[in-house]
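As structure tokens, the structure follows; a few thoughts come after it.
As the structure is a prediction and not an experimental result, all values here were calculated from the model.
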Amino acid sequence: NIDDFQNYIYKTQPNRFNKLLTSIEDGSLCSKIDTSIKPCVAGFSMGGMSALHAGVEYNDRIKYVGCLSPAKSFYLGDGKWGFYNKASEIKFSTEPDAHIYMSAGRGEQNGDFLNTINLYEQGIKVNNADKLTKFVAPDSWGPHDWPMAQKEIFMYLYFANFGKIPSNKLVETVCNNPNEYKSPKIIYQ
């Protein structure tokens, strides 16, 4: 629920995100979790902005951030919206291999989402220039809906696993069914 955002990410609020993050870090969420690796967070649209915000708020604990077609601002509750006013407020993990992956498509809302990541890029580069990778999806990938989200999720997972952006051809081959509502699988080479 969008109204829960204020209580989900902020450290200063009673929050579930901190409990979730802790349960990932200590392995209590699932015994199959490799607790030697710092968690990553990613999301699409409002989730993209939430991931960006979580990466800043918990920059001592989150090493990798996937900001996929992020919204311009995040919901604070009570009808209020927030955003970063100063680039100096945007600080991610200082670990050498930490990374922020950002993407959006040219065809999403007449380029509004592309404009958003361009603005975030400017702010992020002030403190984290060497940690940022940006991808701009072609018009053919469509508007701000599931087929675009599916491709961006695949790209982020591929990037997180292999440290590089997959080819457009690979993405289009794997994510070719707009009616398939499941997360795409990573293709291991």
Straight-line distance of [X] [atom1] to [Y] [atom2], nearest 0.5 Å:
| X | Y | atom1 | atom2 | result |
| --- | --- | --- | --- | --- |
| Thr94 | Asn127 | OG1 | CG | 11.5 Å |
| Glu152 | Leu157 | CD | CG | 12.0 Å |
| Met148 | Cys175 | CE | SG | 11.5 Å |
| Cys67 | Phe44 | SG | CZ | 11.5 Å |
| Asn128 | Ile90 | CG | CD1 | 8.5 Å |
| Lys19 | Ser28 | NZ | OG | 12.0 Å |

Mind listing the closest non-hydrogen atom pair of [X] and [Y] along with its distance?
| X | Y | value |
| --- | --- | --- |
| Tyr158 | Lys164 | CD2-O, 3.3 Å |
| Ala54 | Val41 | CB-CG1, 4.4 Å |
| Phe154 | Pro166 | CE2-CG, 4.1 Å |
| Asp34 | Ser36 | OD1-OG, 2.5 Å |
| Asn176 | Thr173 | ND2-O, 3.3 Å |
| Gly66 | Tyr156 | CA-CE1, 3.4 Å |

Please say yes or no: joined through hydrophobic side-chain contacts below 4.5 Å, possibly via intermediate residues, are [X] and [Y] part of one cluster?
| X | Y | value |
| --- | --- | --- |
| Phe162 | Ile165 | yes |
| Phe113 | Trp146 | no |
| Tyr120 | Val126 | no |

I'd like to know if the side chain of [X] and the backbone of [Y] have a donor-acceptor N/O pair within less than 3.5 Å.
| X | Y | answer |
| --- | --- | --- |
| Gln122 | Leu119 | no |
| Asn118 | Leu114 | yes |
| Lys131 | Glu95 | yes |
| Asn59 | Gly55 | no |
| Lys38 | Asp60 | yes |

Within the structure provided, determine whether [X] and [Y] are in side-chain contact (heavy-atom separation under 4.5 Å).
| X | Y | answer |
| --- | --- | --- |
| Ser45 | Ser69 | no |
| Phe92 | Leu52 | yes |
| Pro70 | Thr116 | yes |
| Met102 | Phe135 | no |
| Thr133 | Phe159 | yes |
| Tyr58 | Phe17 | yes |
| Ser93 | Arg61 | no |
| Leu21 | Ile62 | yes |

### Task
Output every pair passing ring-ring contact (aromatic ring centres under 6.0 Å, His included) with a member in residues 21-41, not counting sequence neighbours, ordered by first then second residue.
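Every pair satisfying ring-ring contact (aromatic ring centres under 6.0 Å, His included) with a residue in residues 21-41: there are none.
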### Task
Check the pair Lys134, Val136 against side-chain contact (heavy atoms from CB on, under 4.5 Å), reporting the backbone distance first and the verdict last.
CA-CA 7 Å; Lys134 180 175 101 173; Val136 178; 4.1 Å; yes
### Query
Taking only residues two or more places apart in sequence or in another chain, which ones pass salt bridge (Lys or Arg N to Asp or Glu O under 4.0 Å) with Asp97?
Lys63
### Message
Run Trp141 and Val171 through side-chain contact (heavy atoms from CB on, under 4.5 Å) and show every step you take.
### Response
CA-CA 10 Å; Trp141 287 13; Val171 175; 3.5 Å; yes
#### Entry: Greater than 12 external heavy atoms within 6.0 Å of Lys125's NZ
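Check fails, neighbour count at 12 or below.
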### Query
side-chain contact (heavy atoms from CB on, under 4.5 Å) between Lys151 and Ser103: does it pass, once the steps are laid out?
CA-CA 10 Å; Lys151 290 174 179 72; Ser103 61; over 6 Å; no
